[in-house]
Engineer: 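Here it is, the structure in full.
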Amino acid sequence: MERYLKALYLFLTTAIGIEMEYQLNFIVEVIAMIGTLSGSIFILSLFFTQGQQLGNWSWEQALIIQGIYTLLDGITNTVLRPNLREIVNYVREGTLDFVLLKPIDSQFWVSLRTFSPSGLPEIGLGATLVIYACNQLGVVLNINQLVRIIIILASSSITLYSIWFLVAATSIWFVKTWNATEVLRAILSSGRYPVSAYSLTLRFIFTFILPITFLTTVPAEIIIGDSGYNMIYIGILIAVFFFSLSRMFWIHALKYYTSASS
Amino acid sequence: MKDRAIIDVEQLSKTYQISDKDPGFKGTLKHFLSRKTFGVEAVKNVSFKIQPGEIVGFLGANGAGKTTILKMLCGLIYPSSGSIYVDGFNPAKRQNDFLKNITLVMGQKQQLIWDLPPMDSLQVNAAIYGLSESEATNRIKELSIMLELGEELYRPVRKLSLGQRMKTELLASLLHKPSVLFLDEPTLGLDVNAQARVRSFLSEYNRKTGATILLTSHYMADITALCSRVLCIHKGELFYDGGLNSLTNKLTPYRELRIELKDQFNPKEFENYGIIKTNTDRFIEIRILRTELPKVISRILERFEVIDIEIKDPPIEELIGKLFNQRRI
């Protein structure tokens with residue numbers, strides 16, 4: 001465990017080291033960070049000007065969903081995207097060999113090897129938004145509530161990660177699957193709005209096939225207090241299910257890894 | 001004898017599923033729409049044993065199956081059939097205790113972080129192998145002296161020369177004191193000096209630590225400098241396992257001379273010295289018996305005005321192929 005924490009710390013510091021190695025690139029990265037942030041704010045501002053109901057959600061309630069979506073998007077840009085995009089390269093160039101030969105879990109390595117700081121402000125923005133909307137709605141954020149929020153958001157993040165990882169891991173067979181993950185990203189962006197704002201068919205898909213409902217809508221319901229403990233348990237269960245699935249799939253996929261010739 | 005062997009391979013085979021693509025757009029379409037895959041036997045019924053501390057060379061042409069065997073020994077590729085034991089482990093399971101004891105160096109792939117100095121990558125590796133800071137520092141010091149590395153460790157990898165990079169790759173691969181080393185073309189693309197340095201490092205490492213080394217190369221010089229025992233692979237089959245000396249005589253009884261002359265010449269005049277391979281204008285290539293080399297060279301120098309003379313081994317692919325065919329027929 002200690003070995004893993006130490007490795008994680010070094011992954012983080014070397015990632016920052018790589019970003020800072022090129023001064024110009026670092027400046028560009030900061031600009032990109034500002035760009036991502038202002039993009040998110042712009043979409044939110046469009047949302048602000050509407051001020052109407054979405055599904056059966058009041059505007060402030062929907063704002064919580066926006067906040068959670070922004071937060072998850074931030075996590076995506078910081079951790080998921082930079083790492084899972086690399087899986088394709090590991091397979092194509094055969095450098096997965098080095099990962100597999102390390103006495104460390106390969107899924108851990110390929111999922112957390114690098115970080116991109118450009119998503120961090122988005123995470124901050126998302127959190128701020130949730131807190132702001134809670135204030136507007138008069139939701140009291142006590143410790144108990146906060147723990148529940150953290151648990152459900154952690155479950156959402158793990159579910160999101162696992163689905164993404166499942167798609168990225170198929171590159172062991174198909175080598176180039178980055179397009180598929182982009183499609184996935186587009187679908188996931190439907191999590192911006194409450195599930196009840198969509199048609200019945202989509203609602204069904206988002207709840208039972210791609211658990212988008214559980215990424216943003218359910219956590220928002222829990223924050224507002226519309227959902228009880230049951231939903232938290234279901235959220236955790238879904239996270240555990242998808243995470244186990246991603247793990248089994250990865251281990252299975254590695255049996256088919258043929259390694260690029262050298 | 002069996003339980004003493006550190007590497008024990010029996011009846012190992014590997015079949016790859018591949019699909020070919022015809023050239024051109026039409027071929028691309030066909031390849032995309034109806035891909036026909038077929039099995040290619042990359043390794044066929046290979047068996048051998050290696051004792052601890054041995055340096056064994058793997059010889060074979062490109063595509064002979066050397067790398068595939070090496071990767072199965074590391075546990076990167078699952079064998080189609082047969083059994084492998086390395087240090088008492090089944091490599092395909094990739095247990096941590098096994099991985100901590102082996103290393104794979106690939107001349108064509110690199111694990112060091114391109115944008116950062118090797119030191120950063122070394123720290124990551126040290127953490128992953130669970131080395132303490134003082135252990136890692138000592139180990140890096142020890143290896144960098146053997147490899148003659150100094151400030152290179154603090155310079156971004158992308159600024160290093162190929163030779164320096166290979167040496168730092170070796171350092172990174174050996175940080176955790178593995179006792180079994182798999183080296184796949186470790187001297188590929190290096191100049192003669194750098195090749196020699198890598199070789200002398202490997203033999204010193206073997207002497208000091210008693211590590212077992214299995215290396216592939218298609219530079220004959222690597223093999224002759226390091227290995228007393230060689231395994232020859234051709235088209236996935238092991239057809240020679242034994243001492244290097246008897247093989248060298250079989251493999252390279254000939255040397256090739258490439259001579260540049262000052263003036264045009266009559267090729268007929270060279271027929272007495274050896275077999276003429278090519279001759280163009282002022283250049284001639286002849287194949288002569290190794291034992292007659294000094295005699296022939298001095299005679300040529302006496303008779304002709306020579307500008308340049310180059311002595312080389314005939315291409316190893318050609319020789320192995322020939323030997324393989326002799327054995328078969």
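Letters A, B, ... are given to chains in the order of the sequence lines, protein chains preceding strands, and every chain is numbered from 1. Just the heavy atoms: all of them, side chains too, but no hydrogens, waters or symmetry mates, feed the values below.
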Engineer: Any chance NZ of B:Lys177 has more than 12 other-residue heavy atoms, nucleotides or ligands included, within less than 6.0 Å?
Structural biologist: no

Engineer: Is B:Leu104 in contact with chain A via its backbone, its side chain, both, or neither, using a 4.5 Å heavy-atom distance?
Structural biologist: both

Engineer: Would you say A:Tyr9 has more than 12 foreign heavy atoms packed within less than 6.0 Å of its OH?
Structural biologist: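 Not buried by this count: 12 neighbours or fewer within 6.0 Å.
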
Engineer: Tell me whether the count of non-hydrogen atoms from other residues, nucleotides or ligands lying under 6.0 Å of CD1 in A:Ile143 goes above 12.
Structural biologist: no

Engineer: Is it the side chain or the backbone of A:Phe11 that comes within 4.5 Å of chain B heavy atoms, both, or neither?
Structural biologist: side chain

Engineer: If you define the side chain from C-beta out and look only at heavy atoms, does anything of A:Trp109 sit under 4.5 Å from B:Ile128?
Structural biologist: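 Side chain of A:Trp109 against side chain of B:Ile128, heavy atoms only: contact under 4.5 Å found.
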
Engineer: Quick check for you: among B:Arg158, B:Glu185, B:His176, which has the greatest number of heavy-atom pairs under 4.5 Å with chain A?
Structural biologist: B:Arg158

Engineer: Could you give the distance from CG (A:Asp97) to NZ (B:Lys109), rounded to the nearest 0.5 Å?
Structural biologist: 4.0 Å

Engineer: Quick one: which of A:Ile18, A:Thr13, A:Leu96 has the most heavy-atom pairs under 4.5 Å with chain B, could you say?
Structural biologist: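 Maximum pair count with chain B is reached by A:Ile18.
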
Engineer: Can you tell me if B:Lys235 has over 12 outside heavy atoms packed within less than 6.0 Å of its NZ?
Structural biologist: no

Engineer: Starting from the C-alpha separation in whole Å, work towards a yes-or-no answer on side-chain contact (heavy atoms from CB on, under 4.5 Å) for B:Val124 and A:Lys102.
Structural biologist: CA-CA 11 Å; B:Val124 174; A:Lys102 296 270 183 314; over 6 Å; no

Engineer: Please classify the contact of B:Asp97 with chain A as side chain, backbone, both or neither, using a heavy-atom distance under 4.5 Å.
Structural biologist: neither

Engineer: Would you say that A:Arg3 contacts B:Tyr129 through its side chain, given a criterion of any heavy-atom pair below 4.5 Å between the two side chains?
Structural biologist: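 They are not in side-chain contact.
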
Engineer: Hey, what do you get for CZ (A:Phe98) to OG (B:Ser173), rounding to the nearest 0.5 Å?
Structural biologist: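 Rounded to the nearest 0.5 Å, the CZ-OG separation comes out at 6.5 Å.
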
Engineer: Quick one: which residues of residues 79-91 of chain B reach chain A at under 4.5 angstrom, heavy atoms only?
Structural biologist: none

Engineer: If we only count heavy atoms from C-beta on, is the A:Leu101 to B:Lys71 side-chain gap below 4.5 Å?
Structural biologist: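 No. Closest side-chain heavy atoms not under 4.5 Å.
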
Engineer: Given side chains that start at C-beta, do those of A:Leu254 and B:Arg94 come closer than 4.5 Å, heavy atoms only?
Structural biologist: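 Of all side-chain heavy-atom pairs linking B:Arg94 with A:Leu254, at least one is under 4.5 Å.
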
Engineer: Please name the pair of heavy atoms, one in A:Leu10 and one in B:Ala127, separated by the smallest distance, quoted to 0.1 Å.
Structural biologist: CD1-CB, 3.4 Å

Engineer: Looking at A:Gly17, A:Pro103, A:Ala7, which one has more heavy-atom pairs under 4.5 Å with chain B than the rest?
Structural biologist: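 Winner by heavy-atom pair count: A:Pro103.
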
Engineer: For B:Leu70, is it the side chain, the backbone, both or neither that has a heavy atom under 4.5 Å from a heavy atom of chain A?
Structural biologist: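 When you check distances to chain A, no heavy atom of B:Leu70 falls under 4.5 Å.
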
Engineer: If you tally heavy-atom pairs under 4.5 Å against chain B, which of A:Val99, A:Leu100, A:Ile104 wins?
Structural biologist: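 Counting heavy-atom pairs under 4.5 Å, the top option is A:Leu100.
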
Engineer: Which bit of B:Gln110 comes within less than 4.5 Å of chain A, counting heavy atoms only: side chain, backbone, both or neither?
Structural biologist: backbone

Engineer: Heavy-atom distances under 4.5 Å only: say whether B:Ile102 touches chain A with side chain, backbone, both or neither.
Structural biologist: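 For B:Ile102, the contact with chain A is made by the side chain alone.
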
